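Every value quoted in this text rests on a predicted model; they were computed, and no experiment measured them. Every chain is numbered from 1, with letters handed out A, B, ... down the list of sequences.
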There are 2 protein chains.
Amino acid sequence: MISSTVENYLKRIYLEQQTDPKALVPMGKLAAVMQVVPGTATAMVKTLADSGLLEYEPRGGIRLTAGGEQLALHVLRRHRIIELFLVNHLGLDWSEVHAEAETLEHAVSDKVLERMDTLLNHPRFDPHGDPIPPAKGRMPTESWIPLPAVPAGQRAQIAQLSDQDPAFLQFIERNALTPGTEIYVASYDPQADAVTLNVPDGSHITLGGAAAEKIMVRLGRVSQCGTRVP
Amino acid sequence: MISSTVENYLKRIYLEQQTDPKALVPMGKLAAVMQVVPGTATAMVKTLADSGLLEYEPRGGIRLTAGGEQLALHVLRRHRIIELFLVNHLGLDWSEVHAEAETLEHAVSDKVLERMDTLLNHPRFDPHGDPIPPAKGRMPTESWIPLPAVPAGQRAQIAQLSDQDPAFLQFIERNALTPGTEIYVASYDPQADAVTLNVPDGSHITLGGAAAEKIMVRLGRVSQCGTRVP
DNA sequence: TCTCCTTTTTTGAGTTATCAAAATAATTGG
DNA sequence: CCAATTATTTTGATAACTCAAAAAAGGAGA
């Protein structure tokens with residue numbers, strides 16, 4: 001039986017890996033995201049390597065094996081389906097479901113998960129726009145760019161929010177910037193570190209660079225299938 | 001933070017206590033139901049006593065304190081609401097939800113639990129007929145008797161099944177003996193160790209004493225409010 | 001009352017996951 | 001190229017939970 005601690009390590013390593021797929025994940029980074037001291041990460045990584053879940057290059061870094069990645073994706077699938085279920089079926093606020101799913105992802109059985117998946121109609125994205133790993137098959141590749149990379153005068157669609165902080169997500173919701181929203185980038189001034197957008201309801205809003213960087217968009221009016229927050 | 005191990009001990013102790021409320025729960029019994037060696041139970045009981053969750057009489061037995069009982073009831077409430085939610089909202093079979101709830105009861109937050117409770121319309125009984133401890137206030141007292149205690153010729157209503165084994169529960173369902181069912185006790189022969197019942201659909205069935213003992217009933221046609229398996 | 005048997009407690013040890021702090025390796029600027 | 005800094009690993013401890021097996025306490029029957 002695989003412990004929830006191990007599940008968390010695998011999930012985190014996978015997510016770190018995605019930020020730079022060719023590089024090894026450094027131990028310091030892993031320790032930081034797992035909120036443990038470096039020595040703890042080293043110890044855990046050794047046991048994970050012994051279990052064949054990752055490759056460990058001492059003083060170099062780590063990389064998940066195919067087996068490790070499969071387990072990580074399974075955890076991620078649980079996490080994201082649970083998030084969506086909590087929003088769509090239990091009426092929780094999307095800003096709080098991340099924290100709930102952190103715990104539930106280790107407790108929900110495959111059977112219960114597949115029921116949720118069916119009830120949700122096999123969704124492709126979670127409430128924050130993150131793709132839900134399919135039960136079998138490869139992870140879909142996403143082509144997102146951060147909002148500040150969109151040239152002024154372009155249309156785009158909000159795809160994903162890469163910060164799960166409830167306060168940030170509530171801000172996003174208050175300003176109708178949830179995934180799926182079509183926006184128009186009115187201006188981007190690198191000097192002022194400011195992006196101004198028009199949103200469908202007619203209003204416009206100006207964001208600083210730090211906030212804009214957390215908003216991932218798809219250029220043009222690509223249609224995105226899958227359930228998401230209205 | 002209270003560990004799920006501790007939650008399980010408290011829950012089990014509470015349930016054992018109920019079988020004979022005036023007596024202390026013996027250590028051997030606790031070890032048996034927790035499936036640990038006696039020494040483990042002793043060690044855990046000492047820490048629980050130090051935390052003020054139970055009273056421990058060495059070589060005598062244990063009894064939950066008010067605080068311990070409150071925590072136990074909280075766990076039991078989670079367990080039973082989750083069971084009902086899994087049956088009514090996720091369509092799981094009632095014979096399998098006990099096992100699922102054993103894990104989920106330690107992972108579901110109060111917020112999620114109260115959403116389930118609301119969605120279920122504040123049910124009073126779980127799928128097996130066990131009363132759901134209220135969020136606040138005392139546990140309702142049930143007046144059940146085992147099926148063999150019903151005199152022949154009497155009507156009764158099935159109240160609860162005191163065995164969570166999926167095979168037994170599937171048998172119960174196949175024979176339409178789920179909680180809420182009105183039955184008529186046609187005969188009871190202690191010598192033959194057999195009870196024969198008539199069920200609403202017109203058929204009748206004969207049970208051995210061991211199976212009949214696991215079926216708790218309410219005499220007469222008392223109406224039981226609360227959601228249950230159809 | 002005095003063994004024998006059962007129950008319970010104690011003792012010693014193992015596992016998993018963690019931290020603190022010392023030791024070591026790698027990198028980087030002068 | 002070397003010293004200083006930074007990253008990583010090692011070492012020694014701890015907490016929670018567990019088991020195995022020895023020791024102790026309580027009966028119950030002769």
Quiz item: Choosing from C:dA17, D:dA20, D:dT18, which nucleotide comes nearest the side chain of B:Ala43?
Solution: D:dT18
Exercise. Please report, rounded to the nearest Å, how far the C1' atom of D:dA15 is from the CG atom of B:Leu48.
Key: 15 Å
Practice problem: Carefully, step by step, assess A:Glu83 and A:His79 under the rule side chain to side chain donor-acceptor pair (under 3.5 Å). | Solution: CA-CA 6 Å; A:Glu83 281 188 341; A:His79 181 101; 2.9 Å; yes
Exercise. Round to a whole Å and report the spacing from CE of A:Met1 to C1' of C:dA17.
Key: 18 Å
Quiz item: Is the closest basic N to carboxylate O distance between A:Lys11 and A:Glu102 below 4.0 Å?
Solution: yes
Exercise. Step by step, work out the side chain to side chain contact (heavy atoms under 4.5 Å, CB included) result for B:Met44 and B:Met34.
Key: CA-CA 11 Å; B:Met44 176 56 81; B:Met34 288 302 297; over 6 Å; no
Quiz item: Would you call the rings of B:His128 and B:Trp94 parallel, tilted or perpendicular if under 30° counts as parallel and over 60° as perpendicular?
Solution: parallel
Self-check item: Residue whose nearest DNA chain C nucleotide is more 5′ - A:Thr47 or A:Pro58
Solution: A:Thr47
Practice problem: Pick base, sugar-phosphate or nothing for B:Val36, based on heavy-atom distances below 4.0 Å to the nucleic acid. | Solution: sugar-phosphate
Quiz item: Expressed in angstrom and rounded to an integer, what is the separation of B:His106 atom NE2 from D:dC17 atom P?
Solution: 12 Å
Quiz item: Quick check: are there more than 12 heavy atoms from other residues, nucleotides or ligands sitting under 6.0 Å from NZ of A:Lys29?
Solution: no
Quiz item: How many Å lie between CG on B:Leu53 and P on D:dA16, as a whole number?
Solution: 14 Å
Quiz prompt | Minimal non-hydrogen separation, A:Thr206 against A:Ala194, with atom names | solution = CG2-CB, 3.8 Å
Exercise. Please determine, for the side chain of B:Arg59, which listed nucleotide (D:dA25, C:dC19, C:dA26) has the closest atom?
Key: D:dA25
Quiz item: In whole Å, what is the span from the CD atom of B:Glu57 to the P atom of D:dA25?
Solution: 17 Å
Quiz item: What is the distance from CD of A:Gln35 to P of C:dA20, rounded to the nearest Å?
Solution: 14 Å
Quiz item: Where the side chain of A:Thr42 is defined as all heavy atoms beyond and including C-beta, which of D:dA24, D:dT8, D:dT18 is the nearest nucleotide?
Solution: D:dT8
Self-check item: Atom-to-atom span, CG of B:Asp50 to P of D:dA16 - whole angstrom
Solution: 11 Å
Quiz item: Should B:Tyr56 be listed as having a side-chain N or O under 4.0 Å from OP1 or OP2 of C:dT8?
Solution: no
Self-check item: DNA chain C-proximal residues of residues 3-34 of chain B, any heavy atom under 4.0 Å
Solution: B:Pro26, B:Met27, B:Gly28
Self-check item: NZ/NE/NH1/NH2 to OD/OE distance under 4.0 Å, B:Glu114 and B:Arg77
Solution: yes
